[in-house]
Asks: 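Take this structure first; my questions come after.
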Amino acid sequence: MKYYSLNRQAPDVNFKQAVVDGIAPDKGLYFPSEIKSLPQEFFKNIQDYTYNEIAYHLIEQFVGDEIPEKDLKKIIEDTLSFDFPLVNVNDDIFALELFHGPTMAFKDVGGRFMARCLSYFNKNENNEVTVLVATSGDTGGAVASGFLGVKGVNVVILYPSKKVSEVQEKQLTTLGQNIKALEVNGTFDDCQAMVKNAFIDREITSKIKLTSANSINVARWLPQMFYFAFAYKQLANKDKQLAIAVPSGNFGNICAGMMAQKLGLPIDQFIAANNANSVVTQYLDSGKYNPKPSVQTISNAMDVGDPSNFIRIQEIYQNDFNIIREHLVSYAFDDETTRAAMEHVYKNQNYILDPHGAVGYLGLDSFLKNKTDWQGIFLETAHPVKFLDVVEPVIKTKIDYPEQILAVIDKQKQSTVISTYEELKSFLLNG
Ligand SMILES: *Cc1c(COP(=O)(O)O)cnc(C)c1O
């Protein structure tokens, strides 16, 4: 499969190159040159396929012959080593729980798939690769866990000091081995800007092979298509119209859902649920796309002021505002409303939402108002335990640590504090 740069100033590359480079030399995101729908029979008979088979059918064309069938199937099997249950929260509202993986947020699947692809491509190379990644909270842990112990790959994670939760920080900073955490005095946007600078800094790139593991990387972005098909497989009633609400930050997850829809998955409406960082909500209202510096909220993994994957959504829908508006609606919610939803759903349905899932729930609830013959799924993107300091005071109940968290919570944090780009550069060049 060929990939082209959305800036259209760089040569096309194959899947391997797109994964290894992360971003095109003209700084554009890679996008597949062709999207072939799957036979309708496949979706009609989705019940008859296992999760691994569904995943294989969805991703196969995007990998092409660059990873042999047997190896790709093994990568998928290793990636999907946990559950993706669809839980009925009330009436026609379901939660797709994407937090049963090792770091308890949905980024585990993308992180694990990408790590395994990179390690497959790197298996005969002597050169080490450094994965450089900025995280607002969950990406870093998922990438770190996905790459832990992978030969020939070093991982350097930048995270904003004091702006990630305690559990998230432990997941980033306690693994050791080939994983290094840099604690940045600044915001997520500062971390992301530093990472972007490093990628175009010849003094660095002439000495170190850098790659990214943010959702700009196609191997992290595309496997997220699986979720939408897994949700559909589990729906008991497939005759009603289906809306899916995705709590969105960088818009990688929802954009993967749109790719699954392109392949033929019957989703009737996408809902982008945002927190106060609502550039896309405002775009759909006004037609104007105005990126802003991110503001801090209780759903911190969505604190993104200029979502990097939005350009892929525009590409999917031919850069046509009206077509985008047909497929996508968006709502934004402040922290107070989000807390109220967490409290309400816990009281009435005995279901504990994390702040991100709560934003998704609110988006879905807003969309479904006054609609009959619809059902909806919101993606529950993180386990509430990752945001204990927010969730417990709202529901006034203790949440037990699952085993994945018990394994890290008492470990000693190991990080290097940096404040400037020069410090990042010196860390990369001198270790
Ligand atoms: C990353 C993340 C999001 C946002 O996903 P995008 O693909 O960046 O839109 C939402 N919820 C949680 C818990 C996350 O970690």
Side-chain angles (χ1 to χ4, degrees), residues 29 95-111 114 133-146 157 159-160 163-165 167-169 171-172 188-189 191-192 212-218 220-228 244-260 270-275 277-281 294 297-313 328 330 332-333 338 342 353-363 378-388 390-391:
L29 272 62
L96 181 71
E97 294 185 349
L98 299 178
F99 55 70
H100 295 274
T103 71
M104 313 210 85
F106 83 91
K107 294 185 175 76
D108 278 327
V109 164
M114 181 188 160
V133 59
T135 184
S136 59
D138 287 329
T139 296
V143 169
S145 148
I157 301 166
Y159 73 96
K163 294 193 175 66
V164 302
S165 77
V167 168
Q168 287 173 326
E169 184 167 45
Q171 289 177 328
L172 295 171
F188 169 66
D189 291 338
C191 298
Q192 203 159 31
S212 86
N214 288 90
S215 53
I216 50 179
N217 194 303
V218 296
R220 247 215 57 205
W221 167 54
L222 289 169
Q224 298 173 155
M225 291 186 297
F226 305 163
Y227 301 143
F228 299 82
I244 299 195
V246 185
S248 295
N250 255 326
F251 281 69
N253 206 7
I254 194 167
C255 183
M258 291 164 170
M259 292 291 283
F270 285 101
I271 300 155
N274 287 339
N275 60 26
N277 298 280
S278 58
V279 49
V280 172
T281 314
S294 58
T297 73
I298 56 170
S299 44
N300 67 16
M302 291 153 54
D303 293 350
V304 181
D306 186 7
S308 47
N309 281 286
F310 193 65
I311 187 160
R312 283 188 171 132
I313 295 182
L328 181 64
S330 178
F333 304 94
T338 307
M342 289 160 61
L353 294 165
D354 97 287
H356 306 76
V359 172
Y361 172 88
L362 282 164
F378 66 96
L379 304 191
E380 198 10 310
T381 45
H383 192 292
V385 78
K386 293 196 83 168
F387 305 94
L388 271 188
V390 177
V391 180

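First listed ligand is number 1; within each ligand, the first listed atom is number 1.
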Asks: Compute whether any side-chain donor of one residue and acceptor of the other, for Asn300 and Ser136, lie under 3.5 angstrom apart.
Replies: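 Short answer, no.
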
Asks: Heavy-atom contacts with Asp138 under 4.0 Å: which atoms of ligand 1 show up? List them by number with element.
Replies: 12 (C), 13 (C), 14 (C), 15 (O)

Asks: Among all protein heavy atoms in this structure, tell me which lies nearest to atom 2 (C) of ligand 1, with the distance rounded to 0.1 Å.
Replies: Lys107 NZ, 2.3 Å

Asks: When you look at Asp108 and Thr103, which way does the side-chain hydrogen bond (donor to acceptor under 3.5 Å, both in side chains) test go after all the steps?
Replies: CA-CA 7 Å; Asp108 278 327; Thr103 71; 2.8 Å; yes

Asks: I'd like to check which ligand 1 atoms, numbered from 1 as shown, lie under 4.0 Å from a non-hydrogen atom of His356.
Replies: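 So the answer, numbered in order with elements, is 11 (N), 12 (C), 13 (C).
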
Asks: What protein heavy atom lies closest to atom 8 (O) of ligand 1? Include the residue and the distance to one decimal.
Replies: Asn250 N, 2.8 Å

Asks: Can you tell me the protein heavy atom closest to atom 4 (C) of ligand 1 and the distance?
Replies: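 It is Gly249 N, 3.5 Å.
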
Asks: Name the closest protein heavy atom to atom 7 (O) of ligand 1, giving the residue it belongs to and the distance to 0.1 Å.
Replies: Asn253 N, 2.9 Å

Asks: Ignoring hydrogens and geometry beyond distance, is a side-chain donor-acceptor pair present between Asn277 and Asp303 at under 3.5 Å?
Replies: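 Side-chain D/A pair, Asn277 to Asp303: present.
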
Asks: On the 0 to 90° scale, with breaks at 30° and 60°, tag the His356-Phe387 ring pair as parallel, tilted or perpendicular.
Replies: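 His356 and Phe387: tilted rings.
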
Asks: So which heavy atom in the protein is nearest atom 10 (C) of ligand 1, and how far is it from that ligand atom?
Replies: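 For atom 10 (C) of ligand 1, the nearest protein heavy atom is Pro247 O, 3.5 Å.
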
Asks: Evaluate side-chain contact (heavy atoms from CB on, under 4.5 Å) for Val391 paired with Met342, printing each intermediate quantity in order.
Replies: CA-CA 8 Å; Val391 180; Met342 289 160 61; 3.7 Å; yes

Asks: Is the closest side-chain heavy-atom distance between Leu96 and Phe228 below 4.5 Å?
Replies: no

Asks: For ligand 1, note which part of Lys386 has a heavy atom under 4.0 Å away: side chain, backbone, both or neither.
Replies: neither

Asks: Please could you name the atoms of ligand 1 that Ala382 approaches to less than 4.0 Å, counting only its heavy atoms?
Replies: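 Under 4.0 Å from Ala382, ligand 1 has these atoms: 13 (C).
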
Asks: How close do Ser308 and Leu29 get, heavy atom to heavy atom, and via which atoms?
Replies: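 Closest pair (atom of Ser308, atom of Leu29, distance): O-CD2, 3.4 Å.
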
Asks: May I ask which of Phe251, Phe106, Phe387 has a heavy atom nearer to atom 5 (O) of ligand 1 than the others do?
Replies: Phe106

Asks: Are any of the N/O atoms in Gly252 less than 3.5 Å from those in ligand 1?
Replies: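 Yes: some nitrogen or oxygen of Gly252 is under 3.5 Å from one in ligand 1.
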
Asks: Checking a contact table here: which protein heavy atom is nearest atom 12 (C) of ligand 1, and how many Å away?
Replies: Thr381 OG1, 3.3 Å

Asks: State plainly whether the residues Asp138 and Lys386 are in salt-bridge range, i.e. N to O under 4.0 Å.
Replies: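 Result for this pair is yes, salt bridge flagged.
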
